[in-house]
Student: 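Please read through the structure below; I'll follow up with questions.
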There are 2 protein chains.
Amino acid sequence: MTIRDQQREKVVALLAAHLLETGLTRISLRQLAEAAQVSDRMLLYYFPDKASVLASALERAAGQLATRLEELVPEGTCLKPAVLMSRLAALTTQEDLRPVMRMWVEVVAAARREEPFKTIAAGILEGFRQWLMPRLDLPDDERRDATTLAILAFVDGLALIDICAGGDAATRAADVAGLLFCK
Amino acid sequence: MTIRDQQREKVVALLAAHLLETGLTRISLRQLAEAAQVSDRMLLYYFPDKASVLASALERAAGQLATRLEELVPEGTCLKPAVLMSRLAALTTQEDLRPVMRMWVEVVAAARREEPFKTIAAGILEGFRQWLMPRLDLPDDERRDATTLAILAFVDGLALIDICAGGDAATRAADVAGLLFCK
DNA sequence: GATGCCGTGTAGCGGTCGCTACAGAATCGC
DNA sequence: GCGATTCTGTAGCGACCGCTACACGGCATC
């Protein structure tokens, strides 16, 4: 492990925390460098360009969510849509995961317009889709695919509500999820 | 109506169309001016600053959605959550309204970090909430509030799916909405 | 001790950003 | 016709952007 690799590791960890805290606001190279406690010159020594810096840091940050999801619904579990939906809604509106979800909304919005976010967002969504689908207790494949997408839509939509109307509103919406959906 | 007012009107119309087409990508003053077929100098003559330009144009663009919603569910209508939800989902995933929804996602994401988007987004969401609530056939006020937010979350989430996974995926998710929710 | 890669700081390139100073053109009331 | 007000083009300010050229010290190898 060279010094360069160690620094990359440290930088990625610091930047993931920075992005979760500030979102995609302060993401100029100079601002990222400050957050990572290195010079901007060195950031571009550790990484080929800004896109790579961001991709690494975002990937790291998104990992937090994946870990928590796996804890909540371990592999092999298979649940009815209503149950899975309300569990996921409850998890993602928890205080400590809200920054991840808010960041996710920003990444998707950025994905509409520019690389590297397009690739990053598509990859992350596809990952969650693959994770969710086998945990969904539905016989029909086509129906399971559509329901997976619908659950993801609802959960992601809660993050939008969170940003616009505050965490309380998102929590209230998450709470009715269980009642709203067919058992 | 002074020349200035006429120009303002023309500029707002052109910019609303521009923003729906390109999203929030090309929104530097010089790029907005080009889309509005005036010089950047004049843009800041018609409006006090960039924030006002954007606010006016975004408001105009969002108006399209409001009009279509009113046509779909006129005042006085009162529907069960499942019906309202699937109608709104079907409407907002229609080809011609997707640009509005995609833009909405971008506005919310920007709202996390900067004015004027914060104010604009909060205002627009509150508007839709006020619109939706009385059209929801639920006796309990608290429950109606939460369900309103949940419906908005789902519909907005569909826009996120649209951006990440394409319109087809969003449409499929919208289609199962009717089946997924309690009658 | 010469050679050469690794790590780092300084300084700055060419560009875009939001915004403005200034002067000239057009249009108005009189 | 004339002064005043309204409109518009030019040109540029200072700040920030992503990125890079270049020089330099340290370390390893031979």
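In what follows, chains carry the letters A, B, and so on, assigned in the order in which the sequence lines appear, proteins first and then strands, with residues in each chain numbered from 1.
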Student: Ignoring hydrogens and angles, write down the donor-acceptor pairs under 3.5 Å from the side chains of residues 69-76 of chain B, residues two or more places apart or on other chains.
Tutor:
| residue | atom | partner | partner atom | Å |
| --- | --- | --- | --- | --- |
| Glu70(B) | OE1 | Trp131(B) | NE1 | 2.7 |
| Glu70(B) | OE1 | Arg135(B) | NH2 | 3.2 |
| Glu70(B) | OE2 | Glu75(B) | N | 3.1 |
| Glu70(B) | OE2 | Arg135(B) | NH2 | 3.2 |

Student: Please list, one pair per line, the donor and acceptor atoms closer than 3.5 Å that link side chains of residues 13-24 of chain A to other protein atoms, with sequence neighbours excluded.
Tutor:
| residue | atom | partner | partner atom | Å |
| --- | --- | --- | --- | --- |
| His18(A) | NE2 | Arg26(A) | O | 3.2 |
| Thr22(A) | OG1 | His18(A) | O | 3.0 |

Student: Please tabulate, one pair per line, all N/O donor-acceptor pairs under 3.5 Å involving side-chain atoms of residues 155-171 of chain A, not counting sequence neighbours.
Tutor:
| residue | atom | partner | partner atom | Å |
| --- | --- | --- | --- | --- |
| Asp156(A) | OD1 | Trp104(A) | NE1 | 3.3 |
| Asp156(A) | OD2 | Trp104(A) | NE1 | 3.3 |
| Asp162(A) | OD1 | Gly167(A) | N | 3.2 |
| Asp162(A) | OD2 | Arg102(A) | NH1 | 3.2 |
| Thr171(A) | OG1 | Arg98(A) | NH2 | 3.2 |
| Thr171(A) | OG1 | Gly167(A) | O | 2.8 |

Student: Begin with the C-alpha distance, continue with both residues' side-chain angles, and end with the deciding distance and a verdict on side chain to side chain contact (heavy atoms under 4.5 Å, CB included) for Phe154(B) and Thr92(B).
Tutor: CA-CA 11 Å; Phe154(B) 182 68; Thr92(B) 57; over 6 Å; no

Student: Could you give the start and end, 5' to 3', of the contact zone on DNA chain D for chain B, using atoms under 4.0 Å from its heavy atoms?
Tutor: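 Range of nucleotides within reach of chain B: dT6(D) to dG12(D).
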
Student: Nearest-Å distance, CG (Leu54(B)) to C1' (dC19(C))?
Tutor: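 My rounded result for the distance is 15 Å.
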
Student: Show me the pairs that pass salt bridge (charged side-chain N to carboxylate O under 4.0 Å, His left out) and involve residues 47-65 of chain B, at least two apart or across chains.
Tutor: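 Listed once each, the pairs are Glu9(B)-Arg60(B).
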
Student: Does a sphere of radius 6.0 Å around CD in Glu34(B) hold more than 12 heavy atoms from other residues, nucleotides or ligands, not counting ones at 6.0 Å or beyond?
Tutor: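 Counting neighbours around CD of Glu34(B), 12 or fewer heavy atoms of other residues, nucleotides or ligands fall under 6.0 Å, so no.
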
Student: Compare every heavy atom of Leu43(B) with every heavy atom of Ala36(B), then report the nearest pair and how far apart it is.
Tutor: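 Closest approach of Ala36(B) to Leu43(B), heavy atoms only: CB-CD1, 4.4 Å.
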
Student: Does Arg172(A) reach the main-chain N or O of Ala146(B) with its side chain, forming a donor-acceptor pair under 3.5 Å?
Tutor: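 Between the backbone of Ala146(B) and the side chain of Arg172(A) there is no qualifying donor-acceptor contact (under 3.5 Å).
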
Student: Please list, in numerical order, the residues of residues 22-47 of chain A that have a heavy atom closer than 4.0 Å to any atom of DNA chain C.
Tutor: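 Residues of residues 22-47 of chain A under 4.0 Å from DNA chain C: Arg30(A), Ser39(A), Arg41(A), Met42(A), Tyr45(A), Tyr46(A).
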
